[in-house]
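Read the structure below first, then the notes.
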Amino acid sequence: MANVQAVCNSFKSELLTGIHALGTTVVRATNAVDSLKAALYYTTASIDSSATVYTTTGEVVGANYTAGGAIVSNSNPPINSGSTAYWTPSGAFSWSTVTISTAFDCVLIYNTTQGNRAIATYTFTPVTVSVGNFSINMPTNNASTGLLRLS
Amino acid sequence: MDVFTTKGILDRSQLTVKDIVTEEDSVRVIATEWYLGDEMVRRDVNVNILCGQSLGAEQGSV
């Protein structure tokens, strides 16, 4: 055996569950899982890693799309596997009979429990939808493909 | 089977359907277009995220 410097594996998943606060943090009312939402953005928007909170600027508008987007199903806890912590929502983000006539290519996942703070953005081929169903289906929830991974 | 379209509810037999698949490194998009003659009357889209994003944790040394 030898000592090896490392970022501890447990720390990675504990970041995802809010266990550690290495700076001033928020007072959490409960130990419940936060509520998340997913909002869609036009190709002309500027949603990227600099996003700090959800914004309506550049968000899509259309029949059967409500500003703020869809609720993110989150019954999957963060998991550690080897040196990777990962998390994936437990269901697709979906809209039914929606019309979004201008091309959009981005989804922002954000935390409604914590003041709409931004979590991550994902982009895809620009699309439009016409009185149809739109869904963003999740990858396999593991250390290689999970939606959000800390390694 | 009834299909809800921009022209109201139409019978599936009246429509032709075209799937358009595009794939990037970590995302596959499947658009399903429904046509009444030459006119597109419905468009569904499924975005399949094949692989999410990874955040690397880097450590300093003492």
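Chain identifiers are assigned alphabetically (A, B, ...) following the order of the sequence lines, protein sequences preceding nucleic acid strands; residue numbering begins at 1 within each chain. Bear in mind that the values here come from a model prediction, so they are computed numbers and not experimental data.
Under the 4.5 Å side-chain contact rule for hydrophobic residues, B/V45 and B/L15 do not share a cluster. Side-chain heavy atoms closer than 4.5 Å link hydrophobic residues (I, L, V, M, F, W, Y) into clusters, and following such links, possibly through other members, connects A/W87 to A/L150. Residues A/F93 and A/L108 fall into different hydrophobic clusters, defined by Ile, Leu, Val, Met, Phe, Trp and Tyr side chains chained together at heavy-atom separations under 4.5 Å. Residues B/I49 and B/L55 are members of one and the same hydrophobic cluster, defined by side-chain heavy-atom contacts under 4.5 angstrom among Ile, Leu, Val, Met, Phe, Trp and Tyr. When hydrophobic clusters are built by joining Ile, Leu, Val, Met, Phe, Trp and Tyr residues whose side-chain heavy atoms come closer than 4.5 Å, directly or via intermediates, A/I47 is not grouped with A/L40.
The nearest pair of heavy atoms linking B/C51 to A/R149 is SG-NH1, 3.6 Å.
Residues A/S135 and B/V47 have side chains not in contact (no heavy-atom distance under 4.5 Å, counting atoms from C-beta outward). In this structure, B/N46 and A/N137 have side chains that are in contact, with non-hydrogen atoms separated by less than 4.5 Å.
Ranking B/V27, B/V41, B/N48 against chain A, the residue ahead of the rest is B/N48, based on heavy-atom pairs under 4.5 Å. Ranked by heavy-atom pairs under 4.5 Å with chain B, the first of A/P139, A/A92, A/A6 is A/P139.
At a 4.5 Å heavy-atom cutoff, the contact between B/S61 and chain A is made by backbone and side-chain atoms alike. In this structure, the portion of B/V29 lying under 4.5 Å from any heavy atom of chain A is its side chain and not its backbone. Neither the backbone nor the side chain of A/T84 comes within contact range of chain B, judged by heavy atoms closer than 4.5 Å. At a 4.5 Å heavy-atom cutoff, the contact between A/T123 and chain B is made by backbone atoms alone.
With hydrogens and angles ignored, the 3.5 Å screen pairs a side-chain donor or acceptor of B/D44 with a backbone N or O of A/N133. Within the 3.5 Å criterion, the main-chain N or O of A/C8 finds no donor-acceptor partner in the side chain of B/Q59.
Using a 3.5 Å distance cut-off with no hydrogens or angles, the side chains of B/E24 and A/T125 do pair a donor with an acceptor.
Once rounded to the nearest 0.5 Å, the distance linking OG1 of A/T128 with CZ of B/R43 reads 4.0 Å. Note that the OG atom of B/S54 and the OH atom of A/Y86 stand 13.5 Å from one another [nearest 0.5 Å].
At most 12 heavy atoms of other shown residues, nucleotides or ligands fall within 6.0 angstrom of atom CD1 in A/I71.
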